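Both ligands and their constituent atoms are indexed starting at 1 by order of listing. Along the sequence shown, the residues carry numbers beginning at 1. The shown structure was predicted, so the numbers you read here are calculated from the model rather than taken from an experiment.
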Amino acid sequence: MNNALPFSNTELLNMDTPTFLQHIESTFQRVFADGVNLMEYLPENKWLELKQAGLLLPFLLEQHGGRKNNQFEIQEVLRIAGHYGVPVTLRTGIEGALVLQPLLEFGNETQIQQGLQSVFNGEGGGLAITEPKTSGSAIAREMQSYYEDLGDGTVYVEAEKYWQGNSQSEFLLVAAKERKNGRLSKMINLLFVPKQYIQFDVLKSEGLRAVRYAINRVAAKMPANAVMRLSENDALGLRAFQNIFIRSRLQLVGMSHGIMEYIVENTRKFAKKDIKFVEFECKEIEKRYAVSQVLYDYTCKHVAPDAPVSHQLMEANIIKTLSTEYTYDAAQILQKLLGAKGFESGHVASNIAIDFRPFTIFEGPNDMLYAEIYDQFTRVTAEEKEQGVKLDKNQTLLQRIKSDKRFTLTALKERVLPQDISEFLSRYTLSDADALKKVFLGKVVAKLFVFGQTATDDAAAFLLKNIRQDILDCEYC
Ligand SMILES: Cc1cc2nc3c(=O)[nH]c(=O)nc-3n(C[C@H](O)[C@H](O)[C@H](O)COP(=O)(O)OP(=O)(O)OC[C@H]3O[C@@H](n4cnc5c(N)ncnc54)[C@H](O)[C@@H]3O)c2cc1C
């Protein structure tokens, strides 16, 4: 093993959490001391320096030579990276949550060693799921990429993938279905595909210039040990595939919260101080920040890198949608408050909104996730299923909120629902919503989940106002 790798550096592994995080913080300050141009590709030497200083070590489980498993450290490295711009934290998230975590969970020893060398000593890798010709929202159903076992120790892989973060790096983990006798199975597996098998057309993006994107194509025979089987069992395999996203959506709030802090800092630095309306808008940003803090704390407290997350699909979707929606809102408000400066290319705050916009699209577009939140809320939880609980579909949304432990376990005693919102929730039964209403009701459910946990009255009042807006949308759609 190469001793230059951070996971063989005992000093980095033995630091306690505050010392380690301080070390990451000061490494960022040193590496970006002369600033960084986020309108261009992030310089590879700076990125490598950060990785070699241990930026991604919290994503490396202890059993693979990483630091002690600690969710707080994962969230903190993402948050700290967010203070240096959207692409910086996004690259941390791509290589940590989308590459390292699935690689360590599903890869064999050879794939893991090759992947770790590329991530810690090279340009790293990306995760390739979405396809240009099918809807990214209907991943499992519509995916057309496949591999076929040729029986001679090789597989033939045919895949066309779209918008991969870290395209052109050293490898992609490519999602594909197995094809047997000319038919695609439902089961999705990952393939470890080194770059010599990948052809790409660079995608020119509106923002995120500091990350490379492309349409990636594979049509090649390669050793059969490229396949990373997620499970031997079809149903469990799909669940394992879904779990990659549950975990990464739960963790994504580390990135968005870091960006939120960066927005708050820049608001304080650049917004005019003596205009009443500007003051009001600055407070609007602060309220979104307060909600973001609740979401951030939820992940730190209720997620662990070595514990399963399959039971937290609703929570993951809530965290992903609300954290990205509120951060995107805050970025737009800041941009507006900067006036013409907010339109200057390269201004420290001008590209936050454009760079952040795809967070509301990737890892499941928010509108689809809101509809899913509603579905997950109106179905039995894993725990209820085990206890033989059957949900009465004629019960009202209010009754369900009161009986669903996911809402009661985390709720603060002082958070009581106002009458108008309770009345609205009493008017709908679990089976009342069509596909359109589900999106608005999902928004209501998501905000109620956070409302119960909100420590400050300001943030609680802000959520209630937002819920009332969603209720209006739901009533008038
Ligand atoms: C900057 C960026 C980075 C990305 N990074 C990666 C990556 O690293 N790897 C990768 O594989 N992919 C990546 N993607 C692709 C991304 O995951 C997909 O774009 C995303 O899943 C949405 O798929 P789509 O574009 O096909 O949109 P569609 O599925 O066509 O959806 C379009 C819109 O329709 C609406 N919609 C769709 N379904 C529903 C529903 N059920 N209910 C309500 N409304 C709905 C939503 O408003 C949605 O935004 C990235 C994309 C971008 C822009």
Check this for me - ligand 1, [X], N or O atoms closer than 3.5 angstrom, yes or no?
| X | value |
| --- | --- |
| I129 | yes |
| P365 | no |
| Q164 | yes |

Under 4.0 Å from any heavy atom of [X], which atoms of ligand 1 are there?
| X | answer |
| --- | --- |
| T130 | 10 (C), 11 (O), 12 (N), 13 (C), 15 (C), 16 (C), 17 (O), 18 (C) |
| L127 | 7 (C), 8 (O), 9 (N), 10 (C), 11 (O) |
| Y162 | 12 (N) |
| D367 | 43 (C), 44 (N), 46 (C), 47 (O) |
| A128 | 11 (O) |
| L208 | 1 (C) |

Do [Y] and [X] have ring centroids that are under 6.0 Å from one another?
| X | Y | answer |
| --- | --- | --- |
| Y370 | F440 | no |
| F356 | Y262 | no |
| Y156 | Y147 | no |
| Y328 | F359 | no |

request  = Check whether the side chains of E131 and S145 place a donor and an acceptor atom closer than 3.5 Å, and report yes or no.
outcome  = yes

key: Mode of S135 contact toward ligand 1 - side chain, backbone, both, neither (heavy atoms, under 4.0 Å)   =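 Near ligand 1, S135 shows its backbone as well as its side chain.
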
query = Which is it for S205 and ligand 1 at heavy atoms under 4.0 Å: side chain, backbone, both or neither?
reply =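 For S205, no heavy atom sits under 4.0 Å from ligand 1.
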
inquiry  = Check for me whether Y370 has a heavy atom closer than 4.0 Å to any atom of ligand 1.
reply    =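 Under 4.0 Å: no for Y370.
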
query = Hey, is G126 one of the residues with a heavy atom under 4.0 angstrom from ligand 1?
reply = no

key: Atom of G342, atom of L338 and distance for their closest heavy-atom approach   =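 Result for this residue pair: N-CB, 3.5 Å.
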
task = Indicate yes or no: does K320 engage E363 in a salt bridge with an N to O separation below 4.0 Å.
result =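 No, no charged N to carboxylate O under 4.0 Å.
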
message = Between R212 and E123 (salt bridge meaning N to carboxylate O under 4.0 Å), is one present in this structure?
response = yes

message = Does R468 have more than 12 heavy atoms from other residues, nucleotides or ligands lying within 6.0 Å of its CZ?
response = yes

